[in-house]
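Let me begin by presenting the structure, written as structure tokens, before commenting on it.
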2 protein chains.
Amino acid sequence: MVRNTARREELAALATDYVLDHGLIGLSLRPLAAAIGTSDRMLLYHFAGKDDLVATVLRISNDRSVEAVRALPRSQSVRTAVLDLWRASTSDESDHCHRVYVEAAALGLLGREPYVSVVREANERWVEALADHLVAAGCTRERAGRAVALLDAAFMGLQLDLPLDPHESHRKRVVSDLADAIAAFAGG
Amino acid sequence: MVRNTARREELAALATDYVLDHGLIGLSLRPLAAAIGTSDRMLLYHFAGKDDLVATVLRISNDRSVEAVRALPRSQSVRTAVLDLWRASTSDESDHCHRVYVEAAALGLLGREPYVSVVREANERWVEALADHLVAAGCTRERAGRAVALLDAAFMGLQLDLPLDPHESHRKRVVSDLADAIAAFAGG
DNA sequence: CTACGACTGTAGCAGTCGCTACAATCGGGC
DNA sequence: GCCCGATTGTAGCGACTGCTACAGTCGTAG
């Protein structure tokens, strides 16, 4: 029996914080439970199982990163929009959200549930938020829709590869180049 | 005591095939060993440990995908180069190589070895191969270097997100858009 | 023949995993 | 007082993990 209680939501929020810090791959219930002041027994009381907990955590994490994008002030141009979005995506909290998203996507690469479904849903809402921001920055809805597919892919790829790159300056140039390329493509 | 014997290389190749099929995350020695006709005991005789085996497998997988790029005939333009590279990267074997690469990168997101080192090394050689192909297609070395950073990121992102997308036509349009954007950026 | 190094099978260690059976505790409505 | 449902602790299950100790079996070199 699993219901939506205040305690469940509280545990879900705490678990999300923990996962954002420690990563999703290799997550196990006992260390998580200990860290947030409960027991594995309790997690399995409030959630139907590990998958249920993970799906809940992923949704909360996604909510936070989408919220961070929606809270951004309007950008002056498509180019600055890309830079603003990247800055927002790599600020402390959102950065961890995207890291977890990437882990979930990797876990879903072979079709394993619940990862595939949750990641698909998360991606839809994330892409939507990106597109809205581009439109607000002045490009048409149609161009934004197509540009965002590229932007999203590039962001995820950078999230995956940039941690390998020790050169801060190189990273900055890549993001700047990306902004140029997207601006040219979106026509803004 | 671990040496470079023929048997070790044979096992490494077989293990690579298995990992390409079954994924890297959650890999465990016993099922792998059984599938390739040996025992976990033997794997640990020929390799220093699971990490050694995984690093070896990742290097072989990367060799194969880089080889696939280098074997491509020269492309007519930057735009067709991007399309050719994407087609090569998503053909059966290379597709699995990149899936495994993404898994390894995800496993390295928090700094865990041996993933970080191996993925960094793999990425360098992969980006190099991409750049060479772009240069052969007619853009300057300098523009190719910068375009490849974007191209690589976009490829990895697409590898991560596109499995979620059930619409073949949508995927094709995204790749075509990417080719346009990269061609415009690289000036070819 | 012997000795040695290369290789392999058996069995098991100590640890972790998700999950569950069972019982206890607690607060509130009858 | 008394029960009932919600919540929690204890203890443990069976399966799995990477890894290792030990005892072999080979082919070959001396």
Side-chain angles (χ1 to χ4, degrees), chain A residues 1-16 18-19 21-58 100 103-104 106-108 110 112-118, chain B residues 1-16 18-19 21-58 100 103-104 106-108 110 112-118:
Chain A
M1 191 63 55
V2 175
R3 272 176 243 67
N4 265 13
T5 65
R7 180 66 177 150
R8 178 184 154 111
E9 284 181 28
E10 189 188 345
L11 287 176
L14 289 170
T16 303
Y18 178 89
V19 170
D21 271 358
H22 296 77
L24 180 63
I25 298 174
L27 174 71
S28 78
L29 295 183
R30 270 178 265 245
L32 160 62
I36 66 177
T38 181
S39 66
D40 58 330
R41 173 69 184 74
M42 278 303 97
L43 291 176
L44 293 166
Y45 174 73
H46 289 286
F47 300 88
K50 190 190 177 185
D51 283 353
D52 181 27
L53 172 63
V54 167
T56 306
V57 162
L58 287 176
V100 164
E103 291 188 84
L107 283 163
L110 287 123
R112 272 182 51 199
E113 292 294 352
Y115 302 105
V116 181
S117 308
V118 179
Chain B
M1 191 64 56
V2 175
R3 272 176 243 67
N4 265 12
T5 65
R7 180 66 177 149
R8 178 185 154 110
E9 284 181 29
E10 189 187 345
L11 287 176
L14 289 169
T16 303
Y18 178 88
V19 170
D21 271 357
H22 296 76
L24 181 63
I25 298 174
L27 174 72
S28 80
L29 296 183
R30 268 178 268 246
L32 160 63
I36 67 178
T38 181
S39 66
D40 58 330
R41 172 68 184 73
M42 277 305 96
L43 291 177
L44 293 166
Y45 175 73
H46 289 286
F47 300 88
K50 190 190 178 184
D51 283 353
D52 181 26
L53 172 63
V54 166
T56 306
V57 162
L58 288 175
V100 164
E103 291 187 84
L107 283 164
L110 288 121
R112 271 183 50 199
E113 291 295 351
Y115 301 105
V116 181
S117 309
V118 178

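Lettering follows sequence order; numbering is per chain, from 1.
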- Tightest non-hydrogen contact, residues A/E103 and A/I25, listed as OE1-N, 3.0 Å
- Task: For B/L43 and B/A33, work out which heavy atoms get closest and say how close.
- Result: CD1-CB, 3.7 Å
- Query: Does A/H46 have a side-chain nitrogen or oxygen under 4.0 Å from the phosphate oxygens OP1 or OP2 of D/dT8?
  - Reply: yes
- Integer-rounded Å distance: D/dC16 C1' and A/K50 NZ: 13 Å
- Taking for B/R30 and for B/T5 the nucleotide of DNA chain C with the nearest heavy atom, the one nearer the 5' end belongs to B/T5
- Query: NA contact type, A/L53, heavy-atom cut-off 4.0 Å: base, sugar-phosphate, or nothing?
  - Reply: nothing
- Message: Quick one, B/V57 and B/L27 - any side-chain contact, counting heavy atoms below 4.5 Å?
- Response: no
- Check the distance between D/dT8's P and A/L43's CG and give it to me in whole angstrom. 11 Å
- Item | Atom-pair distance (CZ on B/F47; P on C/dT8), nearest Å | 12 Å
- Among A/V118, A/L24, A/V116, A/V54, which one satisfies side-chain contact (heavy atoms from CB on, under 4.5 Å) with A/L107? A/L24
- Message: Is any side-chain heavy atom of A/L29 closer than 4.5 Å to one of A/L53?
- Response: yes
- Nucleotide by nucleotide, 5' to 3', does protein get under 4.0 Å of the base (B), only the sugar-phosphate (S), or neither (-) in nucleotides 24-29 of chain D, counting heavy atoms? ------
- Message: The side chain of A/Y45 is closest to which nucleotide in this list: D/dA6, D/dC19, C/dT8?
- Response: D/dA6
- Message: For a quick test of reading the model, state the closest non-hydrogen atom pair linking B/A15 to B/I36 and the distance between them.
- Response: N-CD1, 4.2 Å
- Length of the line joining A/R7:CZ and D/dA6:C1', which is rounded to integer Å: 13 Å
- Message: Side chain of A/P31, heavy atoms from C-beta onward: which of D/dT8, C/dC17, D/dC19 has the nearest atom to it?
- Response: C/dC17
- Note on the structure: In A/H46, A/E9, A/R8, the residue satisfying side-chain contact (heavy atoms from CB on, under 4.5 Å) with A/T56 is A/R8
- Would you say the side chain of A/L11 lies within less than 4.5 Å of the side chain of A/Y45, judging by non-hydrogen atoms? no
- Residues within residues 32-42 of chain A bordering DNA chain D, heavy-atom distance below 4.0 Å: A/S39, A/R41, A/M42
- Item | Minimum heavy-atom distance between A/L44 and A/G49, given as atom pair plus value | CD2-CA, 3.8 Å
- Query: Which part of the nucleic acid, if any, lies within reach of B/L44 when heavy atoms closer than 4.0 Å are counted: base, sugar-phosphate only, or nothing?
  - Reply: base
